[in-house]
Amino acid sequence: SSVATRSESDRDILRSNAFLQKSFQPLRAFSAEDDLHTMGYHPKGRYFYTVSIKGKFALWDLETETPVPIQGLPKTVFVASWSPSGDRLCVLPIAGKPVLYSFEKLDTPILLQSETNTPPWFRAEFSPNGEYLALGGLALEVWNVGGDPKLVASFKTKEPIHRLLWNGSG
């Protein structure tokens, strides 16, 4: 295969050399009303969520190629996050309280409410063991979500938090 360099003509840069190479084909295709902002696979691979740039959230069953209904979903969503085992889904609305779902009970949302729970939220990240959930935005909150959700730490921030990382042990 050839590699395009800056000195090659536009025609050569646009040319694709696929001779004797594998050509990948999509396995599934779904229509979206708007451009997508974010998406994520369920850890076990059967489900897939999308969030459009206008905040529309959709959860898809990849085997049946149909949407999965979710009750109590915020009207507009910024981002979502699966727990490592896939048993929980956290949805961060553009405005409002973060919502936690048990994947077996998508009809029973749990609002994560606290004193500092201030939108907007930009990131949700479960710990590697799935026991904790960190929320980042105009504050940082850490929730114990191993049973009934309980706020264990909360910090105000001067700058918005857009990225969260856990150490390997959670």
message: Per the side-chain hydrogen bond (donor to acceptor under 3.5 Å, both in side chains) rule, what does the pair list look like for residues 74-83, sequence neighbours excluded?
response: S83-D87
query: Looking at side-chain heavy atoms only, is the closest gap between L133 and L112 below 4.5 Å?
result: yes
- request: Answer yes or no: is there a side-chain heavy-atom contact under 4.5 Å between V91 and L73?
  value: yes
field: 4.5 Å side-chain heavy-atom contact, P109 and L100
entry: no
field: Flag side-chain contact, heavy atom, 4.5 Å: S102 against L89
entry: no
query: Any side-chain heavy atom of P120 within less than 4.5 Å of one from L138?
result: yes
- prompt: Which atom names give the shortest non-hydrogen contact between L164 and G136, and what distance separates them?
  reply: CD1-N, 3.6 Å
query: Measuring from T50:OG1 to L36:CG, what's the distance to the nearest 0.5 Å?
result: 5.5 Å
- prompt: Does N144 reach the side chain of E131, with side-chain heavy atoms less than 4.5 Å apart?
  reply: yes
- prompt: Should W166 and F126 count as side-chain neighbours, where that means a heavy-atom distance under 4.5 Å?
  reply: no
field: Over all atoms of both residues, closest heavy-atom pair of D61 and V68
entry: N-CG2, 3.8 Å
R163 side chain to R123 backbone, donor-acceptor under 3.5 Å: no
- request: Show your working on side chain to side chain contact (heavy atoms under 4.5 Å, CB included) between S52 and V77 and close with a plain yes or no.
  value: CA-CA 8 Å; S52 77; V77 172; over 6 Å; no
- request: Using the side chain to side chain contact (heavy atoms under 4.5 Å, CB included) rule, take V51 and V79 through it: C-alpha gap first, then chi angles, then the decisive distance, then the call.
  value: CA-CA 7 Å; V51 179; V79 73; 5.9 Å; no
- request: Assess whether ring pair (Phe, Tyr, Trp, His ring centres under 6.0 Å) is satisfied between Y49 and F57, documenting all intermediate values.
  value: CA-CA 7 Å; Y49 73 78; F57 180 90; 5.7 Å; yes
- request: Using the side chain to side chain contact (heavy atoms under 4.5 Å, CB included) rule, take E141 and L151 through it: C-alpha gap first, then chi angles, then the decisive distance, then the call.
  value: CA-CA 7 Å; E141 291 187 352; L151 182 67; 3.8 Å; yes
task: May I ask you to decide if V145's main-chain N or O and R88's side chain share a donor-acceptor pair within less than 3.5 Å?
output: yes
task: Starting at NZ of K150, measure out to CH2 of W143 and round the result to the nearest 0.5 Å.
output: 11.0 Å
query: Would you say L135 and L140 make side-chain contact, with heavy atoms under 4.5 Å?
result: no
message: Working to the nearest 0.5 angstrom, can you tell me the gap between Q113 CD and K97 NZ?
response: 6.0 Å
- prompt: Partners of Y101 by ring pair (Phe, Tyr, Trp, His ring centres under 6.0 Å), sequence neighbours excluded?
  reply: none
For F78, side-chain contact (heavy atoms from CB on, under 4.5 Å) partners two or more places apart: H37, I94, F122
query: Is there a donor in the side chain of E159 and an acceptor in the side chain of T157, or the other way round, less than 3.5 Å apart?
result: no
message: What verdict does the ring pair (Phe, Tyr, Trp, His ring centres under 6.0 Å) test give for F103 and Y47, after you've listed the backbone C-alpha separation in whole Å, the side-chain angles of each residue and the deciding distance to 0.1 Å?
response: CA-CA 11 Å; F103 197 59; Y47 300 96; 4.9 Å; yes
query: Which heavy-atom pair separates F48 from M39 by the least distance, and what is that distance?
result: CZ-SD, 3.4 Å
- prompt: Any idea which heavy atoms bring S85 and P43 closest together, and the distance?
  reply: C-CG, 4.2 Å
query: In Å, rounded to the nearest 0.5 Å, how long is the span from CD of E63 to OG1 of T66?
result: 10.0 Å
message: Would you say L111 ends up clustered with I70 if hydrophobic residues are merged whenever their side chains have heavy atoms under 4.5 Å apart, either directly or through other cluster members?
response: yes
- line: All heavy atoms of P128 vs all of P84, minimum pair found to be O-CG, 3.4 Å
- line: Residues G45 and Y41: closest non-hydrogen pair is O-CD2, 4.5 Å
